[in-house]
Amino acid sequence: MNWKTSEDIQLWEKWAIAWLVSAFVLIGLAYSFANPPYEATDELRHYRFVRYLVENRALPVQGEGDCRAQSHHPPLYYILAAIPNWFITTDKDICATPTPNPFWSYRVWEVGQDNKNQFFYDSRADWNADRWAVALARGINVLIGAATVFVTWLIGRRITQQPPTALLAASIVAFNPMFGYMSGAINNDVIAALTSSLVLLVCVEFNRNTFRTLEVETKDLLRWGGLFGLTFGLALLAKFNNIALGGLIAALLIWSGWHGRRWKEMGIISAVALGVTLLVAGWWFARNQMIYGEWTGVETLKDLWGERTALQSFGLAISELPMLWSSLWGRFGFGQIPLPGAIYLLFNLFMSVGLLGALLDLVFNSRQPRKFAERLLLFGSVVLFFIVVFYYMLISPAGAMGRFLFPGLPALAIILALGWRFLLRRIPLATVWIQVILFMLTLTALFGFLKPAYAKPAQLRQRAAIPNEREVVVAGMGTVIGFDVQPRKVYPGQMIEVTTYWEVDAPPIGNFVQFTHLRDDVGFVAQRDSYTGTGAFPSGMWREGDRFVDKVWLHVPETAYAPNKAEVTIGFYPLEGTYRLQFASKNGSPWGDTLAYGEVEILTPSQEVPNRLRTDFGRKLTLLGYEYSQRQLNPEEELTVTLYWRTLAKIEDPYQIQVLLLDENENYRGSADLIPDMTAWSRTETYTTTHTFSLDQLPAPVESGSHLIRVAVQSVDTGEKLKLLHPDGAWIGEYLTLSPFGVR
């Protein structure tokens with residue numbers, strides 16, 4: 001193809017962008033169908049806003065009503081989503097909440113399908129009006145996402161004049177797994193991206209086409225002021241963080257005034273833009289002032305939802321940056337459905353190489369004022385929205401979400417496309433291969449990780465081989481026809497897969513929780529509760545004739561004492577009840593309320609310290625391991641807990657190591673706290689702290705049975721505890737519970 005022939009370029013681009021936008025619509029719909037209702041971040045509260053508009057023909061007010069909605073957001077998306085819902089009448093109250101899964105936050109940082117669903121959802125149930133209403137609101141967002149892809153292409157085409165580069169930029173948006181996911185859900189982050197891209201498009205066109213002659217007509221000034229005001233006003237009605245675009249527009253007008261010495265003209269454009277912005281969006285801010293006493297409504301939001309202090313949260317916000325970054329590309333739900341580290345590594349490499357190329361491209365075009373200004377517009381958009389999001393991270397525990405960066409995504413996509421095109425300009429079809437890779441990644445995220453996260457257990461064929469065959473009736477549920485436990489030998493920190501083979505003769509009488517225990521002579525080594533189907537297929541959804549394989553993954557904690565042997569047992573109980581279901585043979589012989597699946601051996605890993613750990617306390621300390629003087633004690637004996645530490649950063653402030661002794665019901669029995677001089681600790685050395693408990697001298701009496709040791713680190717000056725952090729920055733908690741010990 002002759003790329004220099006305008007007719008060929010026009011025909012090629014029409015077909016290419018049409019295919020790309022169509023592919024995105026299909027991807028967005030596929031993400032929507034794979035994602036059950038209300039599972040996306042805050043989707044239920046966004047949906048309540050839409051339903052409130054439909055049913056009350058008015059905007060909701062923060063703090064009013066019996067439930068939370070996203071009432072603080074500007075209304076543009078919700079009005080658009082309400083239009084196709086106008087004639088749908090649902091039989092549910094606006095505040096209706098689906099049945100929650102109480103175990104949905106289990107090990108949220110792990111890739112997999114274990115209790116990833118926040119609510120229970122029966123995919124075999126018939127569609128009703130409520131599901132249609134959700135689907136229509138999601139469909140509107142898919143179209144908004146498609147428009148964002150198209151506008152990104154337009155901006156890229158105007159800046160680069162290179163069809164492959166513009167299409168690559170649009171593909172980066174279209175094949176971003178997180179953007180496809182959020183486009184298939186109910187939210188206002190996608191329309192924030194669309195309106196932001198429209199503002200950016202006007203900025204680019206203004207930079208390219210205006211003031212080429214000495215004579216400037218008034219109609220040109222009015223036209224540009226109107227376009228700036230209209231797009232900026234729509235952006236403000238989409239989401240409040242788009243206010244950062246005002247800085248972008250102001251910077252462009254100042255640059256244009258300085259470069260062309262046309263300050264009067266820039267003043268006219270600014271005045272018109274301000275006036276049109278007030279006409280489009282001013283009513284929203286006036287409404288906030290009248291209702292909440294301040295024009296943004298943010299202070300009311302803080303009062304209702306809570307906040308944290310910016311200056312004290314800086315270090316914490318820095319630690320959350322990996323979470324922000326990963327969720328920009330693909331971390332579904334409320335962040336509990338991550339992608340494998342290898343995929344994030346690919347995106348990191350893609351981003352790093354693209355930015356490097358973009359900086360080289362910026363330097364290469366630095367002597368061409370128009371092109372240089374266009375690239376500064378792109379970088380400025382990305383930087384502005386990062387600053388906005390980082391500030392939100394400082395004041396809100398919910399700030400580290402990549403979707404908040406969507407308004408800067410079109411600009412980022414064009415920057416990366418420019419960078420890759422600059423580096424690979426001599427390699428034919430290089431950008432096409434990048435698009436193919438991105439397309440495969442978004443399909444992998446969809447079908448490899450999002451869809452399985454909500455999948456029901458696999459049905460069991462009639463002639464399938466079943467290990468450890470048996471017929472054990474679980475009263476009120478079904479029949480266990482086999483089981484398996486793998487592996488039988490594990491190290492601390494590994495998973496045990498506990499498999500149960502079920503046959504359902506009659507619909508169960510309700511939802512029952514399965515408890516899975518790993519227990520030794522002292523007490524619980526590991527335990528967890530979950531509805532069957534790892535939360536996606538509770539027994540209340542079972543039907544007569546179902547025959548399936550159910551798996552539960554039991555995490556052997558890193559704190560598990562080794563070497564050791566422990567037995568796996570399961571049982572069932574109603575969440576709101578105080579009894580356990582009984583097991584019995586087919587002929588009615590009772591088996592009790594637990595079913596034993598066999599023994600597991602816990603091995604000792606090769607280690608530099610006993611019971612090796614790698615627990616990160618606030619990016620300051622690592623607990624490498626621990627040791628008890630003994631695990632079975634008499635009431636008059638002493639227990640010494642030895643902790644092995646290494647610093648991750650220079651410690652300048654005093655910290656207290658809290659070591660608490662609790663009974664098996666987590667009631668306080670005593671403490672052995674210590675304030676070591678950590679300021680002298682080196683990052684290359686291992687340090688020990690010892691904490692001794694005289695059991696007969698504790699504040700509360702110690703009775704026979706299993707007991708726990710809990711470790712925390714807190715600032716002596718402020719009392720704030722260091723957070724336990726996952727490598728990706730996710731919070732795990734504020735304390736670490738070690739393996740139990742026994743008192744005779």
Side-chain angles (χ1 to χ4, degrees), residues 17 20-25 27-29 31-32 40 46 49-50 70 73-84 136-159 166 169-176 178-205 227-246 248-249 277 280-281 284 328 377-378 381-382 384-385 388-389 401-415:
I17 192 60
L20 183 58
V21 171
S22 300
F24 175 80
V25 170
I27 287 171
L29 292 175
Y31 270 103
S32 179
H46 287 292
F49 195 141
V50 176
Q70 300 299 88
H73 283 306
L76 182 57
Y77 163 72
Y78 307 98
I79 292 172
L80 295 176
I83 292 173
L136 289 172
R138 286 180 167 186
I140 290 295
N141 224 21
V142 171
L143 296 178
I144 293 171
T148 307
V149 173
F150 182 76
V151 175
T152 302
W153 170 77
L154 281 178
I155 300 170
R157 189 66 180 84
R158 294 299 289 162
I159 288 178
S171 297
I172 293 171
V173 175
F175 300 147
N176 176 339
M178 196 66 184
F179 190 76
Y181 172 77
M182 294 303 293
S183 294
I186 303 173
N187 61 84
N188 65 342
D189 295 293
V190 178
I191 201 169
L194 172 60
T195 53
S196 173
S197 67
L198 290 173
V199 172
L200 184 59
L201 177 61
V202 173
C203 289
V204 169
E205 289 292 330
L227 286 173
F228 279 125
L230 175 62
T231 54
F232 184 46
L234 291 174
L236 291 176
L237 287 179
K239 198 164 187 177
F240 180 66
N241 61 349
N242 275 346
I243 197 172
L245 292 167
L248 194 70
I249 296 172
T277 299
V280 174
W284 170 255
L328 172 63
L377 278 173
L378 298 175
S381 176
V382 173
L384 278 173
F385 282 109
V388 169
V389 173
M401 293 189 177
R403 60 190 175 88
F404 296 150
L405 292 171
F406 279 1
L409 181 60
L412 177 62
I414 299 169
I415 288 172

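Because the structure is a prediction, the values reported are computed rather than measured.
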- Test side-chain contact (heavy atoms from CB on, under 4.5 Å) applied to Asn141 and Ile186, step by step: CA-CA 7 Å; Asn141 224 21; Ile186 303 173; over 6 Å; no
- What's the verdict on side-chain contact (heavy atoms from CB on, under 4.5 Å) for Tyr77 and Lys239, showing C-alpha distance, side-chain angles and the deciding distance? CA-CA 9 Å; Tyr77 163 72; Lys239 198 164 187 177; over 6 Å; no
- Which is it for Thr195 and Thr231 under the side-chain contact (heavy atoms from CB on, under 4.5 Å) test, yes or no, and what are the steps along the way? CA-CA 7 Å; Thr195 53; Thr231 54; over 6 Å; no
- Task: Please report the C-alpha distance between Phe179 and Phe24 in whole Å, then the side-chain angles of each, then the deciding distance to 0.1 Å, and finally whether the ring pair (Phe, Tyr, Trp, His ring centres under 6.0 Å) criterion is met.
- Result: CA-CA 10 Å; Phe179 190 76; Phe24 175 80; 5.8 Å; yes
- Query: Under the side-chain contact (heavy atoms from CB on, under 4.5 Å) criterion, do Met182 and Tyr31 qualify, and how do the steps go?
  - Reply: CA-CA 8 Å; Met182 294 303 293; Tyr31 270 103; over 6 Å; no
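Interatomic distance, Cys203 SG to Leu378 CG, rounded to the nearest 0.5 Å: 10.0 Å. From Leu194, atom CG reaches atom CG of Leu143 across 11.0 Å, with rounding to the nearest 0.5 Å. To the nearest 0.5 Å, atom CZ of residue Arg157 and atom OG1 of residue Thr152 are 15.0 Å apart. The distance from the CG atom of Leu384 to the CG atom of Leu245 is 8.0 Å, given to the nearest 0.5 Å.
Taking all atoms of both residues into account, the shortest heavy-atom contact from Val280 to Gly233 is CG1-C, 3.7 Å. Taking both residues in full, the closest heavy atoms of Gly408 and Ser381 are given as CA-OG, 4.2 Å, listed atom of the first, atom of the second, then distance. Closest non-hydrogen pair, Asp189 versus Phe406, comes out as O-CB, 3.7 Å. The two atoms that bring Ser183 and Gly145 nearest to each other are OG-CA, 3.8 Å, heavy atoms only. The minimum heavy-atom distance between Ala146 and Val21, with the atom names listed, is CB-CG1, 3.9 Å. Val204 and Leu377 get closest at one heavy-atom pair: N-CD1, 4.3 Å.
Using a 4.5 Å heavy-atom threshold, the side chains of Pro410 and Thr148 count as touching. The side-chain heavy atoms of Leu80 and Ile191, taken from C-beta on, include a pair separated by under 4.5 Å. With a 4.5 Å cut-off on side-chain heavy atoms, Phe385 and Asn242 count as touching. With a 4.5 Å cut-off on side-chain heavy atoms, Ile27 and Phe175 count as touching. Using a 4.5 Å heavy-atom threshold, the side chains of Leu328 and Leu412 count as touching. Residues Val202 and Leu198 fail the side-chain proximity criterion, which asks for heavy atoms closer than 4.5 Å. Inter-residue side-chain proximity for Leu248 and Leu200 is flagged as met; some heavy-atom pair is nearer than 4.5 Å. Using a 4.5 Å heavy-atom cutoff, the side chains of Trp153 and Leu20 are not in contact.
Considering Gln70, His73, Arg403 in turn, His73 is the only one that fulfils the side chain to side chain donor-acceptor pair (under 3.5 Å) rule with Asn188.
Looking only at distances, no side-chain donor or acceptor of Asn241 sits under 3.5 Å from a matching main-chain atom of Val389.
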